[in-house]
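Everything below concerns the one structure shown next.
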Amino acid sequence: HVQLQASGGGLVQPGGSLRLSCAASGSFRRLDIMGWYRQAPGKKRELVAAITSGGAEKYADSVKARFTVSRDNAKNMVYLQMTSLKTEDTAVYYCAAGEDYAGSMSQIGADFDSWGQGTLVTVSS
């Protein structure tokens with residue numbers, strides 16, 4: 001069972017930056033994939049960024065070139081560096097992880113099976 005604890009959310013002005021962190025704990029063999037989802041009010045949850053244990057990355061088109069996902073395999077941590085934030089980035093951000101990656105980056109969302117509690121990111125002036 002994987003437990004995920006996210007932190008780092010808050011209020012930031014448009015154009016600003018914020019860094020989210022997530023720590024994984026519990027009993028698991030290895031976390032093949034880690035990443036971040038978000039859900040804005042009235043919208044479906046969407047995959048923002050994902051990273052494999054080998055360092056391959058995937059981003060939603062809306063955040064490419066602005067967000068960077070990274071991980072520390074030794075510490076079972078995943079991070080999301082967010083820059084040039086826009087009001088439309090406002091959402092609850094959820095950390096996610098999966099122990100078994102099937103190998104298809106285009107279908108990586110299907111391999112996540114654990115989610116943490118959300119952390120609210122509000123982008124507003």
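Quick note: numbers below take in every heavy atom, side chains included, and nothing from hydrogens, waters or symmetry partners. A quick note: this is a predicted structure, and the numbers were derived from the prediction, not measured.
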Worksheet entry | Pairwise salt bridge (Lys or Arg N to Asp or Glu O under 4.0 Å) hits with a residue in residues 74-88, at least two apart | none
Between side-chain atoms of residues 12-23 and protein atoms elsewhere (two or more places apart, or another chain), which donor-acceptor pairs fall under 3.5 Å?
none

Item to complete: First locate atom OG1 of Thr90, then atom CG of Leu85, and finally report the distance between them rounded to the nearest 0.5 Å.
Response: 8.5 Å
Worksheet item: Got a second to check how far Leu11's CG is from Leu120's CG, nearest 0.5 Å?
Response: 9.0 Å
Item to complete: Only pairs at least two apart or in different chains count here, so list each side chain to side chain donor-acceptor pair (under 3.5 Å) that has a residue in residues 28-37.
Response: Arg29-Asp100, Arg30-Asp32
Worksheet entry | Under the side-chain hydrogen bond (donor to acceptor under 3.5 Å, both in side chains) test, residues paired with Arg66 that sit two or more places apart | Asp89
Worksheet item: Which residues satisfy the side-chain contact (heavy atoms from CB on, under 4.5 Å) test with Ala24, sequence neighbours excluded?
Response: Val2, Leu4, Phe28, Leu31, Met34, Asn76
Worksheet item: Partners of Tyr79 by side-chain hydrogen bond (donor to acceptor under 3.5 Å, both in side chains), sequence neighbours excluded?
Response: none
Worksheet entry | side-chain hydrogen bond (donor to acceptor under 3.5 Å, both in side chains) against Glu46, all qualifying residues, sequence neighbours excluded | Arg38
Anything under 3.5 Å between a donor and an acceptor, one on a side chain of residues 49-58, the other on a protein residue two or more places apart or in another chain? List them.
from  : atom 1 : to    : atom 2 : distance (Å)
Thr52 : OG1    : Gly54 : N      : 3.3
Thr52 : OG1    : Gly55 : N      : 3.3
Thr52 : OG1    : Ala56 : N      : 3.0
Glu57 : OE1    : Tyr59 : OH     : 2.6

Worksheet item: Are Arg45 and Tyr94 side-chain neighbours, meaning at least one heavy-atom pair lies under 4.5 Å?
Response: yes
Practice prompt. Enumerate the residue pairs fulfilling side chain to side chain donor-acceptor pair (under 3.5 Å) with a member in residues 108-125, sequence neighbours excluded, ordered by first and then second residue.
Written response: none
Item to complete: Please examine the side chains of Thr68 and Leu80, heavy atoms only from C-beta on, and report whether any two atoms are closer than 4.5 Å.
Response: no
Response to the item:
With sequence neighbours left out, the residues meeting side-chain hydrogen bond (donor to acceptor under 3.5 Å, both in side chains) with Ser106 are Ser104
